[in-house]
Protein chains: 2
Amino acid sequence: MELDERKKIILKAVIRNYLETGEPVGSRTISKYTDLNLSSATIRNEMADLEEMGYILQPHTSAGRIPSDQGYRFYVDTMMEEKDREFVELKEMLLERQDKMETLLKQVAKVVAQNTQYAAMISAPSTHRNKVKFIQLSRLNPEQLLAVIVVEGNVIKNNIIPIADDISDENLLKLNILLNTQLNGLTMEEINLGIIAALKQQAGVHGSLIGEVIDAVGDAIKADDDPEIYTSGTNNIFRYPELTDNGRASELVGTFEEKQQLGSLIQESLEADPGTGIQVYIGDEAPIKSMKDCSVVTATYELGEGMKGTIGIVGPKRMDYDKVIGTLRTIQSKLDELYKKE
Amino acid sequence: MELDERKKIILKAVIRNYLETGEPVGSRTISKYTDLNLSSATIRNEMADLEEMGYILQPHTSAGRIPSDQGYRFYVDTMMEEKDREFVELKEMLLERQDKMETLLKQVAKVVAQNTQYAAMISAPSTHRNKVKFIQLSRLNPEQLLAVIVVEGNVIKNNIIPIADDISDENLLKLNILLNTQLNGLTMEEINLGIIAALKQQAGVHGSLIGEVIDAVGDAIKADDDPEIYTSGTNNIFRYPELTDNGRASELVGTFEEKQQLGSLIQESLEADPGTGIQVYIGDEAPIKSMKDCSVVTATYELGEGMKGTIGIVGPKRMDYDKVIGTLRTIQSKLDELYKKE
DNA sequence: TGTTAGCACTCAACTCGAAGGAGTGCTAAC
DNA sequence: GTTAGCACTCCTTCGAGTTGAGTGCTAACA
């Protein structure tokens, strides 16, 4: 069977109505709601078809219809194609460029959660593809060196390196020059074991000490800080009984604490990004079991210089997709503006 | 009226029983539970007295008794006096000394939450009283300096300082020497505006540029990183209906996300610490409104060099105080061991 | 005087059935 | 193809009745 124009209108009306009220939608409501001027009986026939086709379903025999996952998917797909969403005016917007990335990200998560009334999460941009701008080794004391590495985007990494023997100022200076000339301009991704080995060779036969230090610097660069993810508005899930009834709240709250699980979701969305930067996962489509009754909308953001991160919004399937996507687009562009001048 | 020995035994029996079952305790239960060999009628008389004295209360006329806040307080106080708690064997213990403080703290929170089955939080040790070990300014590029400050305990702070004019290598070297000779050995707390002003004077009439840089270094030192607090096991609160019924879960989950509120609680417990390092807040005693139906147990820990932080456990009032306090004591000593050798 | 048995009473929790109502599917007529 | 009408379904709500745990009080007992 085909989804003819009238069925589409009815389907959309059902979904819109359900998004607003959260209650199953009956045929009489649709009959009044739309300007199709059809009786409820006719609508009933159409709705029976739509149910057979899998777009809507009945919680029980004598109830109205609610959208199925397939129905939501249809709605999201056609909506996204149909019109470019307008930007949304954000309330309590207070995004300023921050010294600390962390502060900014927490702010963004908060603004998003407050504006949408869903749970929000945000991942720190990966710096793997950022270029090393500056490396410095300093002697803290005879047993410890301090390595400071600055990459584009002013992300700073520190590492304290324990050393077996003291190192002379001269050697330290040489080492600093060597590291900077050889590594500056490379991305963290590019600095692999081969390059480290080559470095060691160039450092000459200064003995194992230098080798150790170079290894430690390499480690510091590669060190994959576990995925930094910040969340906000977790308690917004309590606004939606379908997410919290039957003790499901516990599972969801737990998931929001397990940053690793959220990380996998964000990873997935980065990989699957078709270019629009926005993706919608409905129910089982998200790779996290505890979110099977949720919808997740993710957006890739960019903070200049190719630093990409992801914002995610988690809410009930009857989420206000328009508003959420609008909010995310707005945030995307604000962040873009904020860091354009760099 | 006095709390005679028999009343104490009965009160403890009521509390113990309620901690185990979570159900109001009736007189017949006590009559069998204790070896007082008293009939339920006698117990009823005693319980009526205890209620009048405020140690227990009835949810409704025909129900058993549950402990009041005052009752819990009595229980905790006498228990804590009576015996030194034994340490508790921790399950899934995996505490290793970590390069990153953050990783360790998250681990501790997780271990505590898993072992107690309550919600746990931990604050990063304050470094205000730690001494500055090392300061270094480096030139990133003509417009930016990088300030790196290392304090005892190997805590590293970074700051990028924008400068109006380029600075010569010579001046930078001088500045570094000045900063290190003047500030090393002082605690972050001690470095106030007066000292900064004195520094500026010593730097001479090098003009406003140097002054600005010194100010920025001062700011970097004082910069109060907002209280780093990590939580784990938030979803454990769902194990206790009295915390989650009537939509109270939302408020609690929200509180666990608002690190600032948790910070005030931790601050309060640091200030009130009588020396034992362990404190119990029952109901309203904690300074956070949303925790009025909870008990909070806090413990101060120390990571060598006077770096003190706080661990907190939040659960229902009918918390297994013995186990919780034992767990915290165990953690305290493990952390102490872990960092003793520094 | 303290303890106990006995009894009437209270009140939350559970069960059950009836009533109400929203909504459907089907049929027959337009 | 559309619609009015009607029987049917099934969730929800409500009140009544029942149950059972537990109490407070009284009177008797050691």
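Each chain gets a letter, A, B and so on, in the order its sequence line appears, and its residues count up from 1.
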Q: Rounded to whole angstrom units, what separation is found between the CG atom of A:L57 and the C1' atom of C:dG23?
A: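 My rounded result for the distance is 16 Å.
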Q: Do A:V14 and A:Y55 have side-chain heavy atoms sitting under 4.5 Å apart?
A: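 With C-beta onward as the side chain, the pair stays apart.
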Q: Check the interface with nucleotides 4-7 of chain D: list each N/O to N/O pair with the protein under 3.5 Å, or write none.
A:
residue: D:dG5; atom: O6; partner: A:R44; partner atom: NH2; Å: 3.2

Q: Mind calculating the distance between OH (B:Y18) and P (D:dG22) to the nearest angstrom?
A: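 So the two atoms are 14 Å apart, to the nearest Å.
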Q: Take atom CD1 of A:I43 and atom P of C:dT24, then tell me their distance rounded to the nearest Å.
A: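 After rounding, the reported distance stands at 10 Å.
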Q: Quick check: do A:E46 and A:L11 have side-chain heavy atoms less than 4.5 Å from each other?
A: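 Result no, sub-4.5 Å side-chain heavy-atom pair not found.
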Q: With respect to the side chain of B:L38, which nucleotide from D:dC10, C:dT4, D:dT2 is positioned closest?
A: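 Nearest listed nucleotide: C:dT4.
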Q: What's the CZ-C1' distance between A:R28 and C:dG21, to the nearest Å?
A: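 Interatomic distance, CZ of A:R28 to C1' of C:dG21: 13 Å.
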Q: Output the rounded distance in Å from CD1 (A:I30) to C1' (C:dG23).
A: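 For the pair A:I30 CD1 and C:dG23 C1', the rounded distance is 13 Å.
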Q: Check whether any side-chain N or O of A:T42 sits under 4.0 Å from OP1 or OP2 of D:dT3, and answer yes or no.
A: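 Yes, within the criterion.
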Q: Can you find a side chain N or O atom of B:R65 that sits less than 4.0 Å from OP1 or OP2 on D:dG24?
A: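 Yes.
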Q: Can you tell whether the side chains of B:K289 and B:E251 come within less than 4.0 Å, N to carboxylate O?
A: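 Salt bridge flag = no for B:E251 with B:K289.
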Q: Establish whether the base of C:dT10 is bridged to the side chain of B:S62 by a donor-acceptor pair shorter than 3.5 Å.
A: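 Yes.
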Q: Whole-Å distance between D:dG1 P and A:E46 CD?
A: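 Between P of D:dG1 and CD of A:E46: 11 Å.
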Q: Aromatic rings A:Y72 and A:Y18: how do their planes relate, parallel, tilted or perpendicular, breaks at 30° and 60°?
A: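 Aromatic pair A:Y72/A:Y18 classed tilted.
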Q: Could you tell me whether the side chain of B:L262 reaches within less than 4.5 Å of the side chain of B:E258, counting heavy atoms only?
A: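 SC-SC contact between B:E258 and B:L262 ruled out.
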Q: Give each stem of DNA chain C as a range with a range, requiring at least 3 consecutive Watson-Crick or G-U wobble pairs whose two distances are under 3.5 Å.
A: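 Correct response: C:1-30 with D:1-30.
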Q: Need to verify one output field. Residue with the more 5' nearest nucleotide on DNA chain C, B:P59 or B:N37?
A: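 Nearer the 5' end of the strand: B:N37.
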Q: With a 4.0 Å cut-off, would you call B:D77 and B:R73 a salt bridge?
A: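 Answer for the salt bridge query: yes.
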Q: Using a strict cut-off of less than 4.0 Å between a Lys/Arg side-chain nitrogen and an Asp/Glu carboxylate oxygen, indicate whether B:E20 and B:R318 qualify as a salt bridge.
A: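 Looking at B:R318 together with B:E20, the answer is no, because their closest N to O distance does not fall below 4.0 Å.
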Q: Provide, to the nearest angstrom, the distance between the CD atom belonging to B:E51 and the P atom belonging to D:dT23.
A: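 From B:E51 CD to D:dT23 P: 10 Å.
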Q: Distance check, rounded to the nearest 0.5 Å: A:D69 atom CG versus A:K317 atom NZ?
A: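 A:D69 atom CG to A:K317 atom NZ measures 3.5 Å (nearest 0.5 Å).
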Q: Given atom CG of A:D49 and atom C1' of D:dG1, what is their separation to the nearest angstrom?
A: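 Nearest whole value for this atom pair: 13 Å.
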Q: What I want to check is whether the side chains of B:S40 and B:R28 have a donor and an acceptor closer together than 3.5 Å.
A: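 B:R28 and B:S40 do not have a side-chain donor-acceptor pair below 3.5 Å.
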Q: If the cut-off is 4.0 Å, is A:T61 near the phosphate of D:dC8, judged by side-chain N/O to OP1 or OP2?
A: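 False: A:T61 side-chain N/O out of range (4.0 Å or more) of D:dC8 OP1/OP2.
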